[in-house]
Amino acid sequence: MQEKLGAAHLEALQELGAVSDSEALRAWELKYLGKKGVVTELVRGVGALPKEERAEFGKRANEVKQALELAYADREQLVKDQELARDLEQGEIDVTLPGRPRGIGGLHPSTTTLREFYAIWAEMGFQVFRSRDVETDEMNFELLNIPAHHPARDMWDTFHTTTPGVVLRTHTSPGQIRSMRELGENGTQPIRVILPGMCYRYEQVSVRSEIQFHQVEGVAIGKHIHLTDLKGTIAEFARRMFGADKDVRFRSSYFPFTEPSMEVDVECLLCGGKGCQMCKYSGWLEIAGCGMMHPVVLQNGGYDPREWSGFAFGMGVERMINLKYGVKDIRYYWGNDLRFLEQF
Ligand code: DAH
């Protein structure tokens, strides 16, 4: 056995020295080191030896195997280099071909839609005002005319923090108070801003609701702002966002921080108003809540409601994408599934 092993070692090395292409290399590997290769069989044969010879032979066989594997790796590198050089010489590799582009990722649909919002509102004279995600109960509710225990609080399921009175904002509306106080110069300056950002709600995650989502809030304050300004502004936004041919309608509604309050619908983007599954056979899709700012809210922002008036609106960004592209499940947005994200 020992002799056989020695002979096999020698023979294998000799043959390897003559190998000059990858096909021969593969054949060599199969012959000596493959499952049924010469060396493998010899190693396996250790069991047939008398007990006292086994350890010695096993050790030697492993050494041979390792030596051959090393020799093989060396040869493989050499053969590869030679083949590459040959291909280059014969012009089989076109080094002038442009490389394959690497995927570099893309923007999230919420980001691109937010940017679309910014562009449209900027054209209409609205600046972006950044407001915080972690808010006080006072800003998120009280100053917006929603006192503690007011039944309207049920409209927002709230994430509370471990600090009493500090919550994750349930909507972008607290930015109304912050923007009035920061930009209004004690209620002396008109303002026109949008407040984009993430909102958080303590919801059961489902096809329709998520615990976080983007909203874009809008505020316009001046001395002669009327309901007609609000309607015209929102309708113009809808035309720019969804197309000039789309009808818009306003329904009366209720929000504690606006009076009167309305909800805005756009003609169903899928069926054009005839009625389909997406619009629940109503022909309309809801896109925003809005209204004339409540005198209490204006006052909390530092304005005298006898002199100043304003309107406000709030829109859900992911909702808008759902409508535009027919996305049926809101969980896709934070699901990180590339099959969804790559479509945008
Ligand atoms: N904050 C409301 C919500 O999250 C949306 C909203 C409605 C905002 C009416 C407004 C408004 O500014 O005027 O449900």
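Both ligands and their constituent atoms are indexed starting at 1 by order of listing. Computed from heavy atoms alone, side chains included, the values below leave out hydrogens, waters and symmetry copies.
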Classify the angle between the aromatic ring planes of Phe257 and Phe255 as parallel (below 30°), tilted (30 to 60°) or perpendicular (above 60°).
-> parallel
Would you please indicate if the ring centroids of Trp308 and His224 are separated by under 6.0 Å?
-> no
Do Lys328 side-chain atoms and Asn322 backbone N/O form a donor-acceptor pair below 3.5 Å?
-> no
For Tyr333, ring pair (Phe, Tyr, Trp, His ring centres under 6.0 Å) partners two or more places apart = Phe340
Would the Phe237 and Phe117 ring centres measure less than 6.0 Å apart?
-> yes
Identify the protein atoms, limited to N or O, that lie within less than 3.5 Å of an N or O atom of ligand 1, and list each pair with its distance to 0.1 Å.
| unit_1 | atom_1 | unit_2 | atom_2 | d |
| --- | --- | --- | --- | --- |
| ligand 1 | 1 (N) | His171 | ND1 | 2.9 |
| ligand 1 | 1 (N) | Ser173 | OG | 2.9 |
| ligand 1 | 4 (O) | Trp156 | NE1 | 3.4 |
| ligand 1 | 4 (O) | Arg201 | NH2 | 2.9 |
| ligand 1 | 4 (O) | Gln215 | NE2 | 3.0 |
| ligand 1 | 12 (O) | Gln176 | NE2 | 3.1 |
| ligand 1 | 12 (O) | Glu217 | OE2 | 2.6 |
| ligand 1 | 12 (O) | Phe313 | N | 3.3 |
| ligand 1 | 12 (O) | Phe313 | O | 3.3 |
| ligand 1 | 13 (O) | Ala312 | O | 3.1 |

Indicate, with yes or no, if the rings of Tyr118 and Phe126 have centres closer together than 6.0 Å.
-> no
